[in-house]
Novice: 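One structure follows; several queries about it will come next.
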Amino acid sequence: MTERAAVKAALKTQAVETPSWAYGNSGTRFKVFAQQGVPRTPQEKLDDAAKVHEFTGVAPTVALHIPWDEVDDYAALARHAEDRGLRLGAINSNTFQDDDYRLGSVCHPDAAVRRKAVDHLLECVDIMDATGSKDLKLWFADGTNYPGQDDIRARQDRLAEALAEVYGRLGDDQRMLLEYKLFEPAFYTTDVPDWGTAYAHCLKLGPKARVVVDTGHHAPGTNIEFIVATLLREGKLGGFDFNSRFYADDDLMVGAADPFQLFRIMYEVVRGGGLSGDVAFMLDQCHNVESKIPAIVRSVMNVQEATAKALLVDRDALAAAQREGDVLGANAVLMDAFSTDVRPLLREVRDEMGLDPDPMAAYARSGWAEKIVAERVGGEQAGWGA
């Protein structure tokens with residue numbers, strides 16, 4: 001197989017999971033701008049996700065968020081997804097939108113509140129059983145705002161206890177993916193603030209616990225690709241929440257702020273074998289002012305473009321330059337790949353997959369946007385703050 005053929009084969013097998021919440025009305029904590037035609041039910045979110053997969057060919061799974069996607073029959077929801085050529089992906093828990101969680105959830109000083117939070121996480125595993133989902137994704141807003149507010153070490157003990165109980169409930173083919181976030185909404189201490197904390201807990205739990213890297217949840221200047229390389233080396237990278245940010249946790253389209261960073265991250269994924277392994281490539285984005293489905297399509301395409309460039313890195317030439325201490329030569333190898341226009345290559349890939357070479361234009365011509373505006377009238381729209 002030629003190098004070009006190998007790159008195309010890898011791109012055809014790549015899968016990017018889209019998040020149900022990105023299809024609904026969602027936005028910042030300051031204002032949610034409602035859009036016409038957004039889904040009113042989890043089923044309609046899946047209908048929109050099916051369109052993303054139809055035009056990109058590489059978005060076959062959809063992450064759910066509980067209770068935002070709560071239904072009476074999860075097996076039926078899974079069948080709804082299958083009927084549209086999709087599967088249900090990670091189950092995301094919610095331990096941050098209840099008044100009881102004002103001082104935390106699994107780290108709360110009150111045992112009754114901790115019990116409530118853990119019971120919700122166990123319910124999410126039950127949902128995984130019903131839907132066939134393999135990953136339980138956990139993000140905790142737990143933390144403190146003031147020195148002395150709570151015992152930092154005790155909160156870590158509570159977190160470890162909760163994670164251990166939920167970990168013990170997982171099936172043999174299920175995983176726990178633990179996300180970290182530098183700050184917000186806790187501004188003095190965050191209970192899972194960085195990859196080291198998440199890694200320490202996952203290491204203690206066992207092989208079914210992995211770390212999630214959200215590309216927007218880092219301090220300015222953080223070398224995210226180093227984190228990715230290290231977690232891959234340790235076998236502890238569970239997946240990504242792909243988004244982009246300019247200042248904090250902006251949840252913009254992946255690659256929007258710094259496509260070179262996304263390329264560097266994807267190179268470490270390719271270098272570390274993550275592209276052909278069990279690393280979950282998920283989007284976690286909030287489309288507040290832009291049209292939602294086209295933004296998700298564009299995000300999937302951005303991941304594809306960064307992956308294609310990463311696959312084009314001449315690794316033999318790079319290794320030779322590194323061995324010889326050729327600093328500029330090594331850097332040039334990476335820059336040559338990053339500077340390559342991979343759009344013609346990706347158009348070839350899509351054509352060979354039986355897809356329209358231009359997913360954005362194909363979606364615009366499909367009439368789906370006009371159809372959902374006309375049909376989705378009335379009802380309570382689903383999503384963050386809506």
Side-chain angles (χ1 to χ4, degrees), residues 1 3 5-17 58 61 89-90 134-135 137 175-180 194-203 205-218 221-244 254-255 258-284 300 302-323 327 330-338 340 342:
M1 182 181 294
E3 179 186 1
V7 169
K8 290 164 71 172
L11 291 169
K12 290 175 185 177
T13 59
Q14 186 177 29
V16 180
E17 184 164 300
V58 294
T61 59
K134 303 301 182 185
D135 290 336
K137 190 148 74 66
R175 304 189 304 174
M176 172 187 291
L177 305 183
L178 181 59
E179 183 181 350
Y180 58 92
D194 52 41
W195 72 274
T197 305
Y199 173 74
H201 282 284
C202 289
L203 189 63
L205 287 166
K208 292 185 289 186
R210 303 283 184 90
V211 179
V212 169
V213 176
D214 186 308
T215 52
H217 291 176
H218 298 85
T222 299
N223 190 315
I224 300 175
E225 56 267 34
F226 172 83
I227 298 170
V228 170
T230 301
L231 289 174
L232 277 168
R233 181 175 180 270
E234 298 297 325
K236 280 295 184 181
L237 179 63
F240 288 94
D241 273 357
F242 281 129
N243 55 50
S244 192
V254 60
D258 189 350
F260 185 46
Q261 180 192 64
L262 180 59
F263 160 75
R264 300 192 311 265
I265 291 170
M266 290 310 302
Y267 173 70
E268 291 303 332
V269 171
V270 171
R271 164 69 177 82
L275 198 60
S276 57
D278 55 359
V279 176
F281 299 100
M282 300 174 281
L283 303 181
D284 182 10
V300 173
N302 288 350
V303 174
Q304 287 181 297
E305 290 179 13
T307 305
K309 293 181 179 185
L311 288 165
L312 289 174
V313 172
D314 187 337
R315 292 172 60 180
D316 290 338
L318 180 61
Q322 290 169 343
R323 286 194 303 270
V327 176
N331 178 249
V333 172
L334 281 181
M335 296 309 299
D336 284 346
F338 176 68
T340 302
V342 296

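Quick note: numbers below take in every heavy atom, side chains included, and nothing from hydrogens, waters or symmetry partners. Numbers here are sequence positions counted from 1. None of these values were measured; they are calculated from a predicted model.
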Novice: Using the test side-chain hydrogen bond (donor to acceptor under 3.5 Å, both in side chains), find all partners of Glu234 that sit at least two apart in sequence or belong to another chain.
Specialist: Tyr199
Novice: What pairs with Asn243 under side-chain hydrogen bond (donor to acceptor under 3.5 Å, both in side chains), at least two apart in sequence or on another chain?
Specialist: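 Checked Asn243 against side-chain hydrogen bond (donor to acceptor under 3.5 Å, both in side chains); matches are Asp214, Asp251.
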Novice: What verdict does the side-chain contact (heavy atoms from CB on, under 4.5 Å) test give for Ile227 and Thr222, after you've listed the backbone C-alpha separation in whole Å, the side-chain angles of each residue and the deciding distance to 0.1 Å?
Specialist: CA-CA 9 Å; Ile227 298 170; Thr222 299; 3.9 Å; yes
Novice: Working to the nearest 0.5 angstrom, can you tell me the gap between Thr61 OG1 and Glu17 CD?
Specialist: 3.5 Å
Novice: Just jot down the ring-ring contact (aromatic ring centres under 6.0 Å, His included) partners of His201, sequence neighbours excluded, or say none.
Specialist: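 His201: no ring-ring contact (aromatic ring centres under 6.0 Å, His included) contacts found.
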Novice: For the residue pair Gly274 and Leu232, what are the closest heavy atoms and their distance?
Specialist: CA-CD2, 4.0 Å
Novice: With sequence neighbours left out, write down each residue that passes side-chain hydrogen bond (donor to acceptor under 3.5 Å, both in side chains) with Lys8, or none if nothing qualifies.
Specialist: Glu348, Glu352
Novice: Please round to the nearest 0.5 Å and tell me the distance separating atom CG of Leu205 and atom CE of Met176.
Specialist: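 CE of Met176 is found 6.0 Å from CG of Leu205.
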Novice: Holding to side-chain hydrogen bond (donor to acceptor under 3.5 Å, both in side chains), I want the full list of residues that pass it with Thr215, two or more places apart in sequence or in another chain.
Specialist: none
Novice: Under the salt bridge (charged side-chain N to carboxylate O under 4.0 Å, His left out) rule, collect the residues that match up with Asp284, sequence neighbours excluded.
Specialist: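 Counting only residues at least two positions away or on another chain, Asp284 forms no salt bridge (charged side-chain N to carboxylate O under 4.0 Å, His left out).
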Novice: Just distance, no hydrogens or angles: give the donor-acceptor pairs under 3.5 Å from side chains in residues 258-268, sequence neighbours left out.
Specialist:
residue: Asp258; atom: OD1; partner: Phe260; partner atom: N; Å: 3.3
residue: Asp258; atom: OD1; partner: Gln261; partner atom: N; Å: 3.1
residue: Arg264; atom: NE; partner: Glu225; partner atom: OE2; Å: 2.6

Novice: With a 3.5 Å cut-off and sequence neighbours excluded, list the donor-acceptor pairs that the side chains of residues 307-320 form with protein atoms.
Specialist:
residue: Thr307; atom: OG1; partner: Gln14; partner atom: NE2; Å: 2.8
residue: Thr307; atom: OG1; partner: Val303; partner atom: O; Å: 2.7
residue: Lys309; atom: NZ; partner: Phe338; partner atom: O; Å: 3.0
residue: Asp314; atom: OD1; partner: Asp316; partner atom: N; Å: 3.3
residue: Asp314; atom: OD1; partner: Ala317; partner atom: N; Å: 3.0

Novice: Quick check: do Tyr180 and Thr197 have side-chain heavy atoms less than 4.5 Å from each other?
Specialist: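 SC-SC contact between Tyr180 and Thr197 ruled out.
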Novice: So, do Asp135 and Met282 sit near enough that their side-chain heavy atoms are less than 4.5 Å apart?
Specialist: no
Novice: Out of curiosity, Leu237 CG to Trp195 CH2, how far, rounded to the nearest 0.5 Å?
Specialist: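 So the CG of Leu237 and the CH2 of Trp195 are separated by 11.0 Å.
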Novice: Using 0.5 Å steps for rounding, measure from the NZ atom of Lys236 to the CG atom of Leu231.
Specialist: 10.0 Å
Novice: Tell me, please, which residues at least two apart from Phe242 pass ring-ring contact (aromatic ring centres under 6.0 Å, His included).
Specialist: Phe240
Novice: Run the salt bridge (charged side-chain N to carboxylate O under 4.0 Å, His left out) test against Arg210 and tell me which residues pass, sequence neighbours left out.
Specialist: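 Applying salt bridge (charged side-chain N to carboxylate O under 4.0 Å, His left out) to Arg210 gives Asp278.
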Novice: Any idea which heavy atoms bring Val254 and Asn302 closest together, and the distance?
Specialist: O-ND2, 2.8 Å
Novice: Measuring from Glu179:CD to His217:NE2, what's the distance to the nearest 0.5 Å?
Specialist: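 If we round to the nearest 0.5 Å, Glu179:CD and His217:NE2 are 5.5 Å apart.
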